[in-house]
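Please read the structure below before turning to the comments.
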There are 2 protein chains.
Amino acid sequence: MPIRVTVDIVIFTIQSGDLQVLLVRRGIEPYKGRWAIPGGFVLEQESLEQAALRELREETGVTDVYLEQLYSFGDPKRDPRGRTVTVAWFALVDAERALQAGTDAAEARWWSVQHRPPLAFDHASILDYALERLRNKLEYTTVGFQLLPDKFTLGDLQKVYEAILGRALDKRNFRRKIGLLGILKPLDELRSEGGRPARLHRFSARKFEKLKDKGILFPF
Amino acid sequence: MPIRVTVDIVIFTIQSGDLQVLLVRRGIEPYKGRWAIPGGFVLEQESLEQAALRELREETGVTDVYLEQLYSFGDPKRDPRGRTVTVAWFALVDAERALQAGTDAAEARWWSVQHRPPLAFDHASILDYALERLRNKLEYTTVGFQLLPDKFTLGDLQKVYEAILGRALDKRNFRRKIGLLGILKPLDELRSEGGRPARLHRFSARKFEKLKDKGILFPF
DNA sequence: ACAAAAGTGTTCGATATACACCCATGT
DNA sequence: ACATGGGTGTATATCGAACACTTTTGT
């Protein structure tokens, strides 16, 4: 009996200030009816990353997202049907793209990471690990920007950080630190949402690459 | 043709202030005669970590070392004999244990990471990645202590940091920061080595666990 | 006595944190 | 006019970086 290799993808998004994860309901045994992290077998001719991207596209229809390898899980008993090793990934999609994902398949939906259902297999461990990685990465990289659409307000950005870190941040300190990085381009465009209109910004990946090369990272 | 799953282990040590990696010379094709990272197939009934520990023991005779999963590599062309996915790990062994490792098998020896030979397969990428991870981890964890024997001097410890980071550190700043952590127990024992004798210290893992729980990490 | 490594404090700049009020719009 | 979210500066504490001399041993 050979070992079968799969990929599983923990897909996060932010919906109205709440960190959510995409889960699919299993239609077959084992764990029939339980919710699970989307994934599937690695095909003969594709790399692990290609497999993850393919599953992501098949399950959610989304493409062109942030994707990072997380960890590989291979406990001999993790799948009762037989020996599997899964290479887990985590992906970040912005709120706009997230909408199409949840509606595509009837048996896929977004769950708040706070109020998630019991999961199949060892998927609870995988999700916990992904969450931990996301929190850590938030502090020294710009992954947070991946959860926002092209144009966003500084309030939007702060909400992303607060949702992931699970605590409130000071508005003035937050803006100063973001400003210091100089990786946001303020646009000549405002968005009104129940109060004073907020300026929209765009993430400038080009400026960020320069910072990375110099070893300057995120100071949260 | 199923995918075959292997583990490869990048084993680091420090010998007289130089960061070294254990490599084995391949006796068969492909890449016969080339140096490679030690590794082998994952067996039917063992977890990935057990497989890594087993290979580590078989190749080096060492046990009870620091071992951490690194990344999984699965390019379809990475092994010309057929499709493989390897789960790469990195291990740290102290100088005393390292001695027995290099001598066990005639075709295994330590190489300075600076002057390493060309490697088989995609092992150069794996080694580079391990080195990057080690450097990063050094800055916010206590992995550095894993490269030292039970008793060591502060000079020994500083040399470990300098060898891995590849730059000189200020002795006073280094000692202050280590001292602030309060995870070293000074012993009533000195070691003389060509100058004023140095006090030996021991790493107190118990104290460190408390720090970790509070989220206090290494400030290098 | 001298060579060789151990040991020890202070100053300064940068960064993180705490904290409160006015502004522009919609209703 | 009032409710709602947007926008702005200063003071303090903490942390990291730079920097030089004395001490203890072996030869």
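When reading the values below, keep in mind they use all heavy atoms of this one structure, side chains included, and skip hydrogens, waters and symmetry mates. Reminder, nothing fancy here: chain letters follow the sequence lines and each chain counts from 1.
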Item to check | d(CD, A:E193; C1', D:dG7) in whole Å | outcome: 16 Å
Checklist entry - Taking for each residue the nucleotide of DNA chain C bearing the nearest heavy atom, is the 5' side occupied by B:R176 or by B:D156? => result B:D156
Next on the checklist: Without decimals, in angstroms, what is the distance between B:L169 CG and D:dC19 C1'?
Outcome noted: 15 Å
Next on the checklist: Taking any heavy-atom pair under 4.0 Å as a contact, classify A:R199: base, sugar-phosphate, or nothing.
Outcome noted: sugar-phosphate
Item to check | Length of the CG-C1' vector between B:N173 and C:dG9, whole Å | outcome: 11 Å
Checklist entry - Nearest-Å distance, CG (B:D170) to C1' (C:dG7)? => result 13 Å
Next on the checklist: For DNA chain C, please output the secondary structure as dot-bracket, reading 5' to 3'. Pairs are Watson-Crick or G-U wobble, both atom distances under 3.5 Å; mark crossing pairs with [ ], other-strand partners with |, unpaired with a dot.
Outcome noted: |||||||||||||||||||||||||||
Item to check | Spacing of B:F174 atom CZ relative to C:dG9 atom P, expressed in whole Å | outcome: 18 Å
Next on the checklist: At under 4.0 Å between heavy atoms, how does the protein contact nucleotides 20-27 of chain C? Give one character per nucleotide, 5' to 3', with B, S or -.
Outcome noted: B--BBBS-
Checklist entry - Do the side chains of B:I9 and B:L67 get nearer than 4.5 Å, heavy atoms only? => result yes
Item to check | Residue B:K177, side-chain atoms from C-beta onward, closest of C:dA6, C:dA18, D:dA17 | outcome: D:dA17
Checklist entry - With sequence neighbours excluded, what pairs up with A:Q146 under the side chain to side chain contact (heavy atoms under 4.5 Å, CB included) test? => result A:Y66, A:L92
Item to check | Any side-chain donor near an acceptor of the partner, A:D128 and A:S125, under 3.5 Å | outcome: no
Checklist entry - Are any of the side-chain heavy atoms of A:K151 and A:L187 separated by less than 4.5 Å? => result yes
Next on the checklist: Assess, by modelled atom type and distance only, whether the side chains of A:R133 and A:N136 contain a donor and an acceptor separated by less than 3.5 Å.
Outcome noted: no
Checklist outcome for this item: Closest non-hydrogen contact found for B:L23 with B:P38 is CA-CD, 4.5 Å
